[in-house]
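Heads up, the thing below is written out as C-alpha cells.
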Amino acid sequence: MEIISFIGLIAALALLVYLTMKGIHIIVAALISSVVIAVTGGLNLETALLDNYMTGFTGYFASWFLVFLLGAIFGKFMHETKSAESIAQWIKKKFKRAVFAVVAAAAVMTYGGVSLFVVGFAVYPIAVSLFRAANLPHRFIPAALIFGSISFTMTAPGSPEIQNIIPTEFFGTTPTAGGWVGVLCALLIMICGGLYLGSLVKKAVANGEEFSPPKSVLEKEKADAAAKKNESQVLPNIVVAILPLFLVIVLLNILGQFMNPTTALLIALIVGIAVSCLTMNKFLKEFWSSMAEGTQNALVALANTCAVVGFGSVAAEVSAFDTLITGLVNLPGPPLLGLAIGVTVICGITGSASGGLGIALPILAPIYLAQGVDPGAMHRVSALASGGLDSLPHNGVVVTTVRAICGETHSRAYKPVFLVSIIVPSIVLVLAIVLYSLIL
C-alpha cells in the first residue's frame, strides 16, 4: 500500500503539471489530481474532497484574504495613478535595457508591498511597450515578470510579501531575520538570474525571434489602445510615485518589531493605499471601479493559489507524505538541509510558496526548534526554499502571469521561467545552507 501511495503521489503531481500545461484551469486540474491522490492513497474520496481539500482551500483563503486584497488594491491604485508606469519609465532610463527594466519594475513593486500575485497586472502593460520597442520576443515577458516578482524580492530580509511573513509565526522572528546571509543570497539571485535571463533573450533574438505576441494579445492591445487614445500621458513625479512603496517597507519593518508582522503588514498596506490616493488623486479617475478591479484581481490570484493548497492538503493525508517527512527529518548532514528540502518538496507539491510554507512549517518548525537550530537562519532558509520548486507549471503565480496576464501558453513561455525562477534560486539556497551552517 505504501508503494502505491508513493506512485499515486508522484502520478498526481505529474498529472497536475500536465493538465496545467495543457491549459486546463488550475482549480479543475487540482481537483482531478486530488482524486488520484485520494484513490491511490487509500483515502475516503468524500472525506478527501469535502474535508481535506476544502479545509486547505478555505483555510488558506481565510488566513491570507486580507493580505491578498490589500496588496491587489494597492497594486491597482499604483497602476491607475500611473505610478507603476512612472517607476518603470524611470528605471528604463537608468537601465537602458527592456528586460532589466521590467524585472526591476516588478521587483520594486513587489518589495514595496504590492502583492506578488498581482504585480503582473500593473507592470505588464509597460513590459509590452518596452519589449515591442526593443523588438524582443513576447514569450519572455512572463519570465521577466515572475523573476522580478518572486525569485528574490519575496524571500529577501525585510520583504512585505507573505512568504517572508509566514515564517515569523512559527519561528518567533521578525521580517528582517537572517542577517547578512539573507541579504547576500537575495543579491546573488537578483544579479545572476538577471544576467542569465538577459542572455536567454539575447540568444533568442540572435536566432531570429521577434516580438510576435499571440493573436489574442494583439487583439487586446488594439482594444486597450482605442480606450486610452485620449488619455493624458503626464506621469507622477518619481519621488511621489515611489513614496507609498517606501512607506510600506519602512512601516512593516518598524511595526513588525513590536507587533504581529501580519498585522503590521496590513497596517502598512492601508497606509500605502491612503498615501497613493492622496498624493496622486488627480491621476486616479475612477476610485470605486479601481477598487473593484483590484478586488477581482485578488480573488483570481487567491483562488488559483487556494486550489493548489487544497491539493497539497490532500497529499499531506496519505501515508507516503508522512514517510517523506520522516526521511527528510532524519537526513544526514546539517539540520538546515532537511528543513530546506522539506519546504522545497512540499512547496513543489502544492505549487505554492506560501501554501507550502503553511503546510510544512507547522510540521517541521517544532522539530528543528527542539534541536536548538537558530530561528533566524531557519526563517531565511525556509523563505528561500519556498522560492525554489514552487514555480513549477501549476504554481498559481505562474498560471496567472503566463495565461491570464500575458495571454501566453506554457509551451512558449515556461522554459525561461523554470531556468531563472527554479534553477538559480535553488543553487543559491544551497549556498545559504552552507553559510549558515558554517557561522552558527
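This one's a predicted model, so the numbers in the text were calculated from it and none came from an experiment.
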**Q.** Minimum side-chain heavy-atom gap V123-H79 below 4.5 Å
**A.** no

Q | N/O donor-acceptor pair under 3.5 Å between S212 side chain and E210 backbone | A | yes

Q: Assess whether side-chain contact (heavy atoms from CB on, under 4.5 Å) is satisfied between I166 and S354, documenting all intermediate values.
A: CA-CA 7 Å; I166 292 175; S354 54; 3.8 Å; yes

Q) Can you check whether P334 reaches I433 side chain to side chain, under 4.5 Å on heavy atoms? A) yes

Q | Any donor-acceptor N/O pair, R380 side chain to A177 backbone, under 3.5 Å | A | yes

Q: Taking atom types as modelled, find out whether H379 and N164 have a side-chain donor-acceptor pair closer than 3.5 angstrom.
A: yes

(Q) I'd like to check F68 versus I162 (side-chain heavy atoms, cut-off strictly below 4.5 Å). Are they in contact? (A) yes

Q. What's the verdict on side-chain contact (heavy atoms from CB on, under 4.5 Å) for N395 and V308, showing C-alpha distance, side-chain angles and the deciding distance?
A. CA-CA 8 Å; N395 171 268; V308 291; over 6 Å; no

Q.
Quick check: closest heavy atoms across Y436 and G178, and the distance to 0.1 Å?
A. OH-O, 2.6 Å

Q: Only counting residues at least two apart or in another chain, list the ones meeting ring-ring contact (aromatic ring centres under 6.0 Å, His included) with F77.
A: F287

Q. Are F152 and F147 an aromatic pair by the rule of ring centers under 6.0 Å?
A. yes

Q) If you take all heavy atoms of A413 and P142, which pair is closest and at what distance? A) CB-CG, 3.9 Å

Q: Measure up the Y60 and W64 rings against each other and bin them: parallel (under 30°), tilted (30 to 60°), perpendicular (over 60°).
A: tilted

**Q.** Interatomic distance, S289 atom OG to K76 atom NZ [nearest 0.5 angstrom]
**A.** 8.0 Å

(Q) So, taking the atom named CG in L16 and the one named CD1 in I24, what distance separates them when rounded to the nearest 0.5 Å? (A) 11.5 Å

Q) Looking at side-chain heavy atoms only, is the closest gap between M190 and T153 below 4.5 Å? A) no

Q. Minimum heavy-atom separation for H138 to C406, with atom names?
A. CE1-O, 3.2 Å

Q. Rounded to the nearest 0.5 Å, how far does OG of S34 lie from CG of L15?
A. 10.0 Å

**Q.** Pairwise distance CD1(I146) to OG(S391) - rounded to 0.5 angstrom
**A.** 7.0 Å

Donor-acceptor pairs under 3.5 Å, side chain of residues 355-371 to any protein atom, not counting sequence neighbours: which ones?
from: Y368; atom 1: OH; to: L339; atom 2: N; distance (Å): 3.4

Q) Do V128 and F211 touch side chain to side chain, with heavy atoms closer than 4.5 Å? A) yes

Q) So do the side chains of I73 and I273 get within less than 4.5 Å of each other, counting heavy atoms only? A) yes

Q) Under 30°, 30 to 60°, or over 60°: which ring-plane class applies to F418 and Y414, parallel, tilted or perpendicular? A) tilted

Q: Please collect all salt bridge (charged side-chain N to carboxylate O under 4.0 Å, His left out) contacts where either partner lies in residues 400-423, sequence neighbours excluded, each pair once.
A: E408-R412

(Q) How long is the straight-line distance from CD1 of I242 back to CG of N237, given to the nearest 0.5 Å? (A) 10.5 Å

Q: Please tell me if the side chains of L384 and C185 come closer than 4.5 Å, counting only heavy atoms from C-beta onward.
A: yes

Q) What's the shortest heavy-atom distance between T168 and T174, and which atoms? A) CG2-C, 3.8 Å

Q. Among side-chain atoms of E161 and T110, is any donor-acceptor pair under 3.5 angstrom?
A. no

(Q) Is it the case that the side chain of T400 and the backbone of V397 share a donor-acceptor pair, with hydrogens and angles ignored and the cut-off at 3.5 Å? (A) no

Q: State, yes or no, whether a side-chain contact exists between V309 and F61 at a heavy-atom distance under 4.5 Å.
A: no

Q: Looking only at non-hydrogen atoms, find the nearest pair between A298 and L69 and report the distance.
A: CB-CA, 3.9 Å

Q: Please test Q163 against D390 for side-chain contact (heavy atoms from CB on, under 4.5 Å), starting from the C-alpha separation and ending with a verdict.
A: CA-CA 11 Å; Q163 291 77 9; D390 74 304; over 6 Å; no

(Q) Using side-chain contact (heavy atoms from CB on, under 4.5 Å), reason through K82 and M280 one step at a time and then give a plain yes or no. (A) CA-CA 9 Å; K82 299 184 180 179; M280 294 170 284; over 6 Å; no

Q: Among L252, L66, L70, find the residue that satisfies the side-chain contact (heavy atoms from CB on, under 4.5 Å) test when tested with L269.
A: L70

Q: Search all heavy atoms of V102 against all heavy atoms of A144 and return the closest pair with its distance.
A: CG1-CB, 3.7 Å

Q: Supply the atom-to-atom distance I141 CD1 to I126 CD1, rounded to the nearest 0.5 angstrom.
A: 11.0 Å

Q. Got a donor-acceptor contact below 3.5 angstrom from the H410 side chain to the K22 backbone?
A. no

